[in-house]
Amino acid sequence: TFLVKLRDPICLMTQISSAVLMGLIFGVLYWDSYDKSTNSFAILDTQMCIVMVTLMEVWLPYDVTLTFPMERRIFLRERRAGLYPTSAFYMARVSADVPAHVISAIIMAVIVHVMAGLRCDLFAFILIGIASILVGAAILQCIGAMSRTFEEANIYMMVILMMSMMLGTGFVREVPSFLGWARDISVMGIVADMAMYLEFKDIPDKYQMTSAEIFDE
């Protein structure tokens with residue numbers, strides 16, 4: 001499966017070019033995010049920069065939802081022939097995509113970290129980006145595996161990822177009580193909160209706010 005991926009460089013270049021473009025867009029929009037006229041703006045812009053980068057890293061491998069719908073006939077025929085179980089095919093597809101996803105996450109994290117002037121450790125920020133894209137890819141592969149067509153996968157993808165995105169603390173401060181469980185498993189919300197913790201855990205005195213006060217806000 002990995003050799004097949006190597007013979008399809010368009011997919012790799014699409015993901016890398018998307019990572020570069022989105023990294024540059026966020027880098028320009030949040031350029032030197034701490035250099036603002038108001039301290040609160042600096043904190044809010046930095047927060048949104050981190051939230052947008054992490055959630056877009058989860059969205060980045062959206063093309064993997066095509067995998068199962070496109071190859072379903074071949075997969076079903078080979079599985080009925082006893083060549084391999086579903087789990088083997090699923091793991092092979094996810095694993096084969098890992099190198100391209102890791103490279104894309106590193107590129108995007110480095111661009112934004114440098115251009116936005118983030119204070120958190122670059123290596124830690126890259127690790128969170130890699131975790132975001134790999135977990136996102138696994139979720140999207142799962143959605144593709146459950147879907148008979150790309151159109152069906154697209155519907156599931158929009159519902160699941162949009163809910164995960166909107167339930168993050170960067171978008172909704174307090175969620176309805178019946179959605180509390182969903183917030184606890186919001187992938188985008190969790191990785192964004194991890195990155196924000198690393199970013200604001202050692203805030204300089206000149207911003208007149210402690211880390212605890214920022215987290216409370």
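In terms of heavy atoms, Gly144 sits closest to Ala153 at CA-CB, 4.4 Å. Between Met158 and Trp59, the shortest heavy-atom distance links the atoms SD-CH2, 3.9 Å. Summarising the geometry of Met108 relative to Glu57, their closest heavy-atom pair is SD-CG, 3.8 Å, with the distance given to 0.1 Å. Heavy-atom minimum distance, Leu134 versus His101: CD2-CB, 4.0 Å. Ala195 and Ile50 make their closest contact through CB-CG2, 3.3 Å (heavy atoms, listed as atom of the first residue, atom of the second, distance). Listed here is the closest heavy atom pair of Tyr30 and Met52: OH-CG, 4.1 Å.
The 12-atom threshold is not exceeded at CE of Met91, counting heavy atoms of other residues, nucleotides or ligands nearer than 6.0 Å.
Interatomic distance, OG of Ser186 versus CG of Leu55, reported as 9.5 Å (0.5 Å rounding). Rounded to the nearest 0.5 Å, atoms CD (Glu78) and OH (Tyr84) are 3.5 Å apart. Here CG of Leu21 is found 12.0 Å from CD1 of Ile16. Values are rounded to the nearest 0.5 Å. Here Ile190 contributes atom CD1 and Asp193 contributes atom CG; the two are 8.0 Å apart, rounded to the nearest 0.5 Å. Note that CE of Met166 is 13.5 Å distant from CG of Leu161, once rounded to the nearest 0.5 Å.
At distances below 3.5 Å, at least one donor-acceptor pair connects side-chain atoms of Ser164 with backbone N or O atoms of Met188. Side chain of Ser132 to backbone of Ile128: a donor-acceptor contact under 3.5 angstrom is found. In this structure, Glu199 contributes its side chain and Cys120 its backbone to a donor-acceptor pair below 3.5 Å. Between the side chain of Ser33 and the backbone N or O of Thr46, no donor-acceptor pair lies under 3.5 Å. With hydrogens and angles disregarded, a donor-acceptor distance shorter than 3.5 Å links the side chain of Thr65 to the backbone of Tyr62.
Taking hydrophobic clusters as Ile, Leu, Val, Met, Phe, Trp and Tyr residues chained together by side-chain heavy-atom distances below 4.5 Å, Val135 shares a cluster with Met194. Linking ILVMFWY side-chain heavy atoms closer than 4.5 Å, directly or via other members, places Ile106 and Phe26 in a single hydrophobic cluster. At a threshold of 4.5 Å between side-chain heavy atoms, the hydrophobic network of Ile, Leu, Val, Met, Phe, Trp and Tyr places Met163 and Ile155 in two separate groups. Hydrophobic cluster membership differs between Leu127 and Ile107, with clusters built from Ile, Leu, Val, Met, Phe, Trp and Tyr side chains linked at under 4.5 angstrom. Note on Met162 and Val191: same hydrophobic cluster, where clusters join Ile, Leu, Val, Met, Phe, Trp and Tyr whose side-chain heavy atoms are under 4.5 Å apart, directly or indirectly.
Residue pairs meeting the ring pair (Phe, Tyr, Trp, His ring centres under 6.0 Å) criterion with at least one partner in residues 179-203, sequence neighbours excluded, are Tyr197-Phe215.
Note on ring orientation: taking the six-membered ring where Trp is involved, the planes of Phe125 and His113 are tilted (angle from 30° to 60°).
Inter-residue side-chain proximity for Val112 and Cys49 is flagged as met; some heavy-atom pair is nearer than 4.5 Å. Side-chain contact between Val64 and Arg93: absent, with no pair of heavy atoms (C-beta onward) separated by less than 4.5 Å.
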Where do Ile133 and Val58 land on the side chain to side chain contact (heavy atoms under 4.5 Å, CB included) test, with the steps shown first? CA-CA 5 Å; Ile133 197 169; Val58 176; over 6 Å; no
Side chain to side chain contact (heavy atoms under 4.5 Å, CB included) between Leu198 and Lys201: does it pass, once the steps are laid out? CA-CA 6 Å; Leu198 293 175; Lys201 67 184 180 70; 4.1 Å; yes
Take Val28 and Met115 through the test side chain to side chain contact (heavy atoms under 4.5 Å, CB included) and record every step on the way to the result. CA-CA 7 Å; Val28 170; Met115 294 182 69; 3.8 Å; yes
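In this structure, the side-chain contact (heavy atoms from CB on, under 4.5 Å) partners of Asp121, at least two apart in sequence or on a different chain, are Phe123, Ala124.
In the model, Gln141 has no side-chain atom that pairs as donor or acceptor with a side-chain atom of Tyr90 under 3.5 Å.
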